[in-house]
There are 2 protein chains.
Amino acid sequence: MATNRQFVLAQRPDGVPDDEDFDLVETDVPEPGPREVLVRTRYLSVDPYMRDRMREGESYAEPWAVGDALRGAVVGEVVESNHPDYEAGDTVTGNLVWADYAVADGADVVAVETGDLRDSVALGVLGMPGRTAYFGVTDVLDPDPGDTVVVSAAAGAVGSVVGQLAKLNGCRVVGIAGSDAKVEYLTDDLGFDAGINYADADVADALAEAAPRGVDAYFDNVGGDITDAVFAHLNVRASVAVCGQIALYNEEGVTMGPRKLPRLVETRARVEGFLVGDYAPRFEEASERLAQWVQSGDVQFRETVADGLENAPDAFVGLFEGENVGKQVVRVEAEFDGS
Amino acid sequence: MATNRQFVLAQRPDGVPDDEDFDLVETDVPEPGPREVLVRTRYLSVDPYMRDRMREGESYAEPWAVGDALRGAVVGEVVESNHPDYEAGDTVTGNLVWADYAVADGADVVAVETGDLRDSVALGVLGMPGRTAYFGVTDVLDPDPGDTVVVSAAAGAVGSVVGQLAKLNGCRVVGIAGSDAKVEYLTDDLGFDAGINYADADVADALAEAAPRGVDAYFDNVGGDITDAVFAHLNVRASVAVCGQIALYNEEGVTMGPRKLPRLVETRARVEGFLVGDYAPRFEEASERLAQWVQSGDVQFRETVADGLENAPDAFVGLFEGENVGKQVVRVEAEFDGS
């Protein structure tokens, strides 16, 4: 029997997670039951929202219990199938455990077709982050050509696509990111009109220059101080899509900040939280359009790849330190010994 | 020449306004110029939003300068007209100074038809507050039958109409107000399903009982702690209409409170600020429908009347102490001596 490794939640993190919060345990490679498939992980996705599942209490996702396997988007190869839709060698994606091998009901995975692209794009530009950007821009923000659109965590997996979709829509796009290199990537490679390095600038002041006609639409991935600064620049009838609040995920309990509702009366702005999962019936539409844009070069992307399952926790923690450009994935690629 | 009295802003209030912030000055009765009308005030309206105009700095309304006449919705009688649309004896409403007499361009007033009702309804249920409730419920919240709708300042000019319109729409309605008498008014007279006296209850706890299936729509007139408590009960895809923030109007600068955007991601709620002025092209629609509902008894209303122009500042300050039930107006009714 081949061995398998999988991560479980060792304890609930206190603030920023560290190594002690994760346990890598050895198990047998699981056996697929009826209608199940055995998947060998090629890439797994680490995403900020996972931090929320590590805490106790209510959220939009069920919290993990201590001892539970960590779980997220994975792309991998079917190595054994008891499901009529799949056979060994197929590439599939699904919500699977962080492990070398995982079993899943065949109904819970989908086939991946990435053409010439690396499989990992199914976790990034053509996966959940790309679709998040797509629905956030087209459905929640719905900016008009000429509008000024601001996006935070702009060099990340979601933000980089948000900005490019807004550019395709004829908007002026300003990205906020955490280093000069990222800002350069936004303006030089992705065609953003302006970028702000929040580590090095007063965001409110910088926005006065980068968005001289104010902010018509804001795609918020971060929350906290950066978002406070953007709110001060919202135009009348602005729209705000609240996608993530990574600045707050490592805080315990409710954090305090400047009250925003008075500003909403002044501006008659609309602020809307959204989750990509609510758009599941339209995932195909999003992935098809994103694939076309990637094909045509209208949407470019980068990935940051960590090597080895054992490095998944570090890759995850790196998200909160802004270490990734574009989608952060972990390459696993266990060797399957077939025994 | 008859004398006229009018209020000017004596100084910018520090916190809750008091008598020293208002000056009642005597002037001559003004002469209407070409195309102007001279209006004798019957009732003037005091509204929370006026507090915002008394402070320096940006808001949705231009701030008044110290020395400026206070101004707001007035209903009165045309006593002299140089405008072809009006003649002496007509009842009109418009945005006029707080005075016994005011002149206005004939284009800036509109004729009032209140049928059997007191003219003051043009300042309340059939005026700006009634229309605010109408557009807030029909356009911003747009609740479904069966939804739980919560309204703050529920016994006020706007809130009392909001709750009744939501009831007409088949919703479960919970009103938050500041006394047992007001709560009784809501439930016994206006047909609200439940009421919460915020002065006497933990609002979050009381909501758990009054809105056991959570809050689908919230019409916010107050902001601050009460609104914080309601946010904790928002359902998935809830909507929030931010109309007023009276709890914060007497605060200087930006106040701090629990951050709400994380809650929006959890609930995918939509929060929208609105101003009734943005719906000006549809004022007639609102007033006609409100008049029908008042006629049929589906919408009931009360007014709190202060007597005498000199008491306008006290009536205004009383708004922040919750002294009014329904619309607060000031009856002026100067005698016109015609000389």
Side-chain angles (χ1 to χ4, degrees), chain A residues 48-49 52 57-61 132 135-136 139-140 152 218 220-228 230-232 234 236-249 251 253-279, chain B residues 48-49 52 55 57-61 132 135 139-140 152 218 220-228 230-232 234 236-249 251 253-279:
Chain A
Y49 79 85
D52 223 38
E58 216 181 328
S59 174
Y60 56 83
T132 300
F135 293 112
D139 280 62
V140 184
S152 54
Y218 173 46
D220 185 17
N221 287 309
V222 302
D225 297 347
I226 290 172
T227 292
D228 299 340
V230 178
F231 265 67
L234 291 183
V236 167
R237 296 234 166 265
S239 52
V240 177
V242 189
C243 174
Q245 298 278 285
I246 195 171
L248 309 175
Y249 288 165
E251 306 284 341
V254 175
T255 53
M256 304 290 277
R259 288 189 179 277
K260 295 190 167 50
L261 301 195
R263 183 84 188 126
L264 295 193
V265 181
E266 286 169 26
T267 57
R268 292 87 99 190
R270 172 175 59 88
V271 181
E272 202 165 334
F274 84 106
L275 285 180
V276 67
D278 292 339
Y279 294 88
Chain B
Y49 80 85
D52 223 38
R55 74 174 75 246
E58 215 182 330
S59 174
Y60 56 84
T132 300
F135 293 112
D139 280 61
V140 185
S152 54
Y218 173 46
D220 186 16
N221 287 309
V222 302
D225 296 347
I226 291 173
T227 292
D228 299 340
V230 178
F231 264 67
L234 291 183
V236 167
R237 297 234 166 264
S239 51
V240 177
V242 189
C243 175
Q245 299 278 284
I246 194 171
L248 309 175
Y249 288 165
E251 305 284 341
V254 174
T255 54
M256 304 291 277
R259 288 189 178 277
K260 296 189 167 51
L261 301 195
R263 182 85 187 126
L264 295 193
V265 181
E266 285 169 27
T267 57
R268 293 86 99 190
R270 172 176 57 89
V271 181
E272 203 166 333
F274 84 107
L275 284 181
V276 67
D278 291 339
Y279 293 88

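Convention: sequence-line order gives letters A, B, ...; per-chain numbering from 1.
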Least distance between heavy atoms, [X] atom then [Y] atom:
X	Y	result
A/Phe274	B/Val265	O-CG1, 4.4 Å
A/Gln245	B/Pro262	OE1-CD, 3.5 Å
B/Pro258	A/Met256	N-SD, 3.6 Å

B/Val254 portion near chain A, given a 4.5 angstrom heavy-atom threshold: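 The side chain, not the backbone.
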Which bit of B/Thr227 comes within less than 4.5 Å of chain A, counting heavy atoms only: side chain, backbone, both or neither?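 Looking at B/Thr227, just its side chain touches chain A.
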Say you draw a straight line from CD of A/Glu272 to CZ of B/Arg268; how long is it, rounded to the nearest 0.5 Å?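 Interatomic distance, A/Glu272 CD to B/Arg268 CZ, rounded to 0.5 Å: 11.5 Å.
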For chain B, which candidate among A/Gly223, A/Ala269, A/Gly257, A/Ala241 shows the most heavy-atom pairs at distances under 4.5 Å?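 Heavy-atom pairs under 4.5 Å are most numerous for A/Gly257.
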For the candidates A/Asp278, A/Leu248, A/Val242, which exhibits the highest count of non-hydrogen atom pairs separated by less than 4.5 Å from chain B? A/Asp278
Applying side chain to side chain contact (heavy atoms under 4.5 Å, CB included) to B/Lys260 and A/Val271, what does each step give before you reach the verdict? CA-CA 11 Å; B/Lys260 296 189 167 51; A/Val271 181; over 6 Å; no
Please say whether more than 12 non-hydrogen atoms of neighbouring residues, nucleotides or ligands are located less than 6.0 Å from CG in A/Asp225.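 No, the 6.0 Å shell around CG holds no more than 12 heavy atoms from other groups.
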